[in-house]
Amino acid sequence: MADRVDMQYIQRILKTHHRRNHTKFTREQLKSLINVFNYEPYPNYTTRQKLALEINMEESRIQIWFQNRRARHLFEKRSKPNEALKSSQERRQDNPEERSQVRRCHTYYNTSQLCTLKKAFKNNPYPGIECREQLAKEIGVPELRIQVWFQNRISRLLSQVKEDPEETTDSETEKQESRVLKPHEMR
DNA sequence: ACTAATCTGATCACTGCCCCAGTGATCAGCACATTAGT
């Protein structure tokens with residue numbers, strides 16, 4: 001019985017799990033991105049926004065590009081440890097100015113927005129791009145903030161389940177959330 | 001094959017409340033994260 005319920009759950013998620021379109025950067029955009037990366041591999045929000053305007057690309061795509069670029073760079077440089085990128089923590093220790101560096105403004109969700117997000121999470125903890133965009137439009141928050149909200153929520157739920165797998169609750173919502181499957185377990 | 005997109009877990013940063021829990025933002029990923037579009 002439980003297996004059948006899970007299958008329905010999995011099928012529903014797979015059906016609605018769509019990725020964002022693959023972004024194709026132009027040669028000029030890549031040139032600008034690489035230039036910035038070479039002297040600032042950890043650009044703050046202000047820098048990313050400025051760059052976004054400059055190359056006419058969403059700031060969220062730029063943030064992801066830098067994450068992927070750092071991952072490749074760190075992988076390539078692992079054989080030469082002294083050339084590795086400094087972590088953000090190390091950089092902050094080196095440079096007190098870094099401590100006041102601009103992070104993106106904290107997003108505050110009101111009760112109604114949170115209610116919508118929680119309802120959506122209950123229905124599908126791994127929403128695809130269409131679903132996230134619809135939610136973003138519905139509650140008036142950028143799509144990437146929705147993605148981060150879901151990432152934090154699933155992450156905290158999974159670590160909570162790991163910490164106390166025996167935990168049982170009477171709440172139907174929590175019961176449903178506690179049987180969340182990881183994406184690779186769905187395939 | 002290359003690389004953008006996504007996921008997980010850890011940690012930072014800030015808020016509201018009174019010392020720490022809650023939560024959004026950011027980051028790495030080490031038998032070198034995985035998945036999927038081009």
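Residue numbers begin at 1 in each chain, while the letters A, B, ... track the order of the sequences. In this text the structure is predicted, and so the values were computed from the model without any measurement.
Side-chain contact annotation: A/Thr47 with A/Asn44, donor-acceptor N/O pair under 3.5 Å present. Using modelled atom types and a 3.5 Å distance limit, the side chains of A/Gln49 and A/Arg104 yield no donor-acceptor pair.
Between the NE2 atom of A/His73 and the P atom of B/dT3 there is a distance of 15 Å, rounded to whole Å. The distance from atom CZ of A/Arg72 to atom C1' of B/dT34 is 15 Å, rounded to the nearest whole Å. In this structure, CD of A/Gln63 is placed 11 Å from P of B/dA28, rounded to the nearest angstrom. Rounded to an integer number of Å, the gap from A/Glu76 CD to B/dC2 P is 11 Å. Spacing between atom CD of A/Glu59 and atom P of B/dA5 amounts to 13 Å, rounded to whole angstrom units. At whole-Å resolution of the value, CD in A/Gln147 and P in B/dC27 are 15 Å apart. Here the P atom of nucleotide B/dC12 and the CG atom of A/Asn44 are 19 Å apart, to the nearest Å. Nucleotide B/dA4 holds its P atom 10 Å from the CD1 atom of A/Ile34, rounded to whole Å.
The side-chain heavy atoms of A/Leu30 and A/Trp65, taken from C-beta on, include a pair separated by under 4.5 Å.
Between the side chain of A/Glu40 and the main chain of A/Tyr42, a donor-acceptor pair closer than 3.5 Å is present. Side-chain atoms of A/Gln29 come within 3.5 Å of backbone N or O of A/Thr26 as a donor-acceptor pair. At distances below 3.5 Å, at least one donor-acceptor pair connects side-chain atoms of A/Arg70 with backbone N or O atoms of A/Pro41.
The phosphate of B/dG29 (OP1 or OP2) has no side-chain N or O of A/Arg70 nearer than 4.0 angstrom. Taking 4.0 angstrom as the limit, A/Tyr126 places a side-chain polar atom (N or O) nearer than this to OP1 or OP2 of B/dT8. OP1 or OP2 of B/dT6 has not a single side-chain nitrogen or oxygen of A/Gln151 nearer than 4.0 Å. In this structure, A/Thr23 reaches the B/dA5 phosphate: one of its side-chain N or O atoms is under 4.0 Å from OP1 or OP2. Here A/Arg20 does not reach the OP1 or OP2 of B/dA4: none of its side-chain N or O atoms lies under 4.0 Å away. One finds no side-chain N or O of A/Gln67 lying less than 4.0 angstrom from the OP1 or OP2 phosphate oxygen of B/dT26.
Near DNA chain B, defined here as any heavy-atom distance below 4.0 Å, the residues from residues 45-54 of chain A are A/Arg48, listed numerically.
For A/Phe25, the side-chain atoms get nearest to B/dA4 when compared with the rest of B/dT6, B/dC32, B/dA4.
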Nucleotide N/O of nucleotides 18-24 of chain B paired with protein N/O under 3.5 Å:
from   : atom 1 : to       : atom 2 : distance (Å)
B/dG24 : O4'    : A/His106 : NE2    : 3.3
B/dG24 : O3'    : A/Thr107 : N      : 3.4
B/dG24 : N7     : A/Arg156 : NH1    : 3.1
B/dG24 : N7     : A/Arg156 : NH2    : 3.4
B/dG24 : O6     : A/Arg156 : NH2    : 2.7
B/dG24 : N2     : A/Arg103 : NH1    : 3.0

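Within 3.5 Å, a donor on the side chain of A/Asn68 pairs with an acceptor on the base of B/dA5, or the reverse. For B/dT35, the base has a donor-acceptor partner in the side chain of A/Arg19 [N/O atoms by modelled type, under 3.5 angstrom].
Annotation: cation-pi pair A/Arg103/A/Tyr45 absent, no NZ/CZ under 6.0 Å from the ring centroid and within 45° of its normal.
Comparing the C1' positions of B/dC19 and B/dG37 gives an interatomic distance of 49 Å, to the nearest angstrom.
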So A/Phe150 and A/Leu117, side-chain contact (heavy atoms from CB on, under 4.5 Å) or not? Walk me through it. CA-CA 8 Å; A/Phe150 273 83; A/Leu117 288 169; 4.1 Å; yes

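A tilted orientation is assigned to the rings of A/Phe37 and A/Phe66, their planes being inclined by 30° to 60°.
Partners of A/Glu143 by side chain to side chain donor-acceptor pair (under 3.5 Å), not counting sequence neighbours, listed by chain and number: A/Arg20, A/Arg132.
Comparing A/Leu144 and A/Ser155 along DNA chain B, the residue whose closest nucleotide (by nearest heavy atom) sits nearer the 5' end is A/Ser155.
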